[in-house]
Amino acid sequence: MSETDIAAFKPKSDFIRVMQERGYIHQCSDLEALDKAAGEGVITAYVGYDATASSLHIGSLISIMMMRRMQQTGHRPLPLMGGGTTKVGDPSDKDSQRPLLTNEQIATNIAGIKTVFDRFLRFDDSATGAFIEDNARWLDKLGYVDFLREYGVHFTINRMLTFDSVKRRLEREQPLTFLEFNYMLMQATDFLELNRLYGASLQMGGSDQWGNIINGVELIRRMDGKQAFALTTPLLTTASGAKMGKTVSGAVWLNADLMSPYDYWQFWRNTEDADVGRFLKLFTDLPLDEIARLEALQGADINEAKKVLADEATALLHGDDAARAARATSEQAFAGNALEADLPTVHVLDFVFGGGFSNTQVAIAAGFAPSNTAARKLIGNGGLRINGEKQDDPEKLVDPAQLSADKTFVVSSGKKKLIIKVGRD
RNA sequence: GGGGGAAUGUCCCGAGCGGCAAAGGGGGCGGACUGUAAAUCCGCUGGCAUAGCCUUCGCAGGUUCGAGUCCUGCUUCCCCCA
């Protein structure tokens, strides 16, 4: 079903209607039938997460929100941890094979990832209560020959070679190991297994997972003669085309130990104008009419909408208190009168300073530049400020008169800002 | 087993007649403009005691005044034949 069909489709079920009007649907294997099934009873849907890191990042958030919507509209989400598939490695979206993770690493990663789901989903014994499964449970005990006879017969090499993930590797002349080549079979068996165990009839995922998901749908049809569904979300990019989820410091992680609630709040606060409405629909629970009002704001006013987006998204992940604190911190920081006590402090020994502390040395001490050469270049570009004053001479020494009463001065470069304190205490 | 290609600035892609600190992108960083946005423009993106010196082109040798560039061997990867 093409995208235009999806836009024109008139859903009867709450689930599909919400998914559609909030912009979660990219492709669906049989939207009409899925809509009908969702209208008749509780659907169990799963989304798989491989345990390649100790936390999920923002790329997974859209699928987590989908599961949240499911529960809100009376269905049952089932996050699947890829304890088994992670040992193999998904060839999608990667140029080359990752180093293989050990069982211990995988177990650690799964523990880290699980903590996030509690925030978004309700786990209980009710008909729509979520629960977490791990595909290591069935994949680990499959014998090789059994695996080949049971599932291998349903897949042709001819077709596997047509998949994007495979084609891309071959075209770029990057190796694709036989191990990875099996990933799609394993994901297909996951779907079959979950369908048999829990009646999971829908698998959701990012658009890059379409091929893998469809394999599962077909496997269920071939082996059990039952219909199952595939539903994928659009790949999230910003309005200017960049892949979403990158910041100066790298990936946007969901776990607080990898990215603080404040940084998470800032990430959303810095959303591009053109993305605000779309993100509000996808990543907050706000009603659509409220979102329509917010995204209609023009010019600088749209910053208000961004703050709402940041508040809501942060509250969902880290809780109301953390969101409020993040907002307060940011308002202080950007009001211009940032509390200097909150800035990181670097200490410099008295005698070093007494010996003459040049701007170049300041830039290095502050961590703005890794070498003298780099520091000189940075300063030459006007990239160093002391107490707000732009410095342009790399050799100029810091004037003791610039020190405040407690022997500190503030240095900044771009967004980076910190305090240098002379002496130790 | 035979034949043919490839490996470049440690972020990535990528040009490179024997004089090369090495073109060009992307990304990143800084600056200007702004609304903590986007777009745009400018600068930087080996090191140092900076008119100079030192260290870089898969690894190890060799030829040469001089090698990323030529030769030999090795490693890894791709392609074709068997």
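Every chain is numbered from 1 and lettered A, B, ... according to where its sequence line falls, protein lines coming before strand lines. Just so it is clear, the values below take in all heavy atoms, side chains as well, and ignore hydrogens, waters and symmetry mates.
- Nucleic acid contact class of A:Lys306 (heavy atoms, under 4.0 Å, all strands): base.
- Rounding to whole angstrom units, CG of residue A:Asp301 and P of B:A38 are separated by 18 Å.
- Considering only side-chain atoms of A:Arg376, the nucleotide from B:A49, B:A38, B:C44 that sits closest is B:A49.
- A donor and an acceptor atom sit less than 3.5 Å apart, one in the side chain of A:Asp273 and one in the base of B:G35.
- A:Gln209 and A:Asn212 share a side-chain donor-acceptor pair at under 3.5 Å.
- Straight-line distance between the C1' atoms of B:U69 and B:G58: roughly 16 Å, to the nearest whole Å.
- In this entry B:A7 has B:U75 as its Watson-Crick or G-U wobble partner, both defining distances falling under 3.5 Å.
- Along RNA chain B, the nucleotide closest to A:Ser413 and the one closest to A:Ser371 are compared, and the more 5′ of them pairs with A:Ser413.
- Glycosidic conformation, B:C77: anti, with the torsion outside 90° of 0.
- By the 4.0 Å N-to-carboxylate-O rule, A:Arg269 lies too far from A:Asp311 to be salt-bridged with it.
- The structure places CZ of A:Phe147 at 4.5 Å from CG of A:Leu185, a figure rounded to the nearest 0.5 Å.
- Nucleotides B:G62 and B:C11 are separated by 31 Å at their P atoms, to the nearest Å.
- Distances shown here put every side-chain N or O of A:Lys416 at or beyond 4.0 Å from the OP1 or OP2 atom of B:C29.
- Going from atom CZ of A:Arg385 over to atom C1' of B:C29 covers 15 Å, rounded to whole Å.
- Ranked by how close their nearest RNA chain B nucleotide is to the 5' end, A:Leu378 and A:Asn303 are led by A:Leu378.
- A donor-acceptor contact closer than 3.5 angstrom is absent between the side chains of A:Asn387 and A:Gln402.
- Across all strands shown, B:G1 pairs with B:C81; the Watson-Crick or G-U wobble distances both stay below 3.5 Å.
- Checking B:C41 for Watson-Crick or G-U wobble geometry (two distances, each under 3.5 Å) identifies B:G31 as its partner.
- Side chains of A:Asn135 and A:Tyr46: a donor-acceptor N/O pair is absent below 3.5 angstrom, by distance only.
- As a whole-Å value, the separation of A:Phe267 CZ from B:A37 P is 14 Å.
- Taking atom CG on A:Asn270 and atom C1' on B:A39, their separation rounds to 16 Å, with Å as the unit.
- A:Phe279 places its CZ atom 12 Å from the P atom of B:A38, with the value rounded to the nearest Å.
- Summarising the geometry, the separation between CD1 on A:Ile364 and C1' on B:C48 is reported as 12 Å, rounded to the nearest angstrom.
- Checking B:A49 for Watson-Crick or G-U wobble geometry (two distances, each under 3.5 Å) identifies no partner in any strand.
- Protein atom CZ of A:Arg269 is 13 Å distant from nucleotide atom C1' of B:U34, rounded to whole Å.
- The closest side-chain donor-acceptor pair between A:Gln105 and A:Thr108, if any, does not fall under 3.5 angstrom.
- Remark: B:C70 base-pairs with B:G62; criterion is Watson-Crick or G-U wobble with both hydrogen-bond distances under 3.5 Å.
- For the pair A:Asn372 CG and B:C54 P, the interatomic distance rounds to 19 Å; values are reported in whole Å.
- Pairing for B:C57 is absent, judged as Watson-Crick or G-U wobble with the two contacts each under 3.5 Å.
- Distances from the side chain of A:Asn381 to the nucleotides B:C44, B:G31, B:A37 place B:C44 closest.
- The side chain of A:Lys377 lies closest to B:U45 when the candidates are B:U36, B:U45, B:C48.
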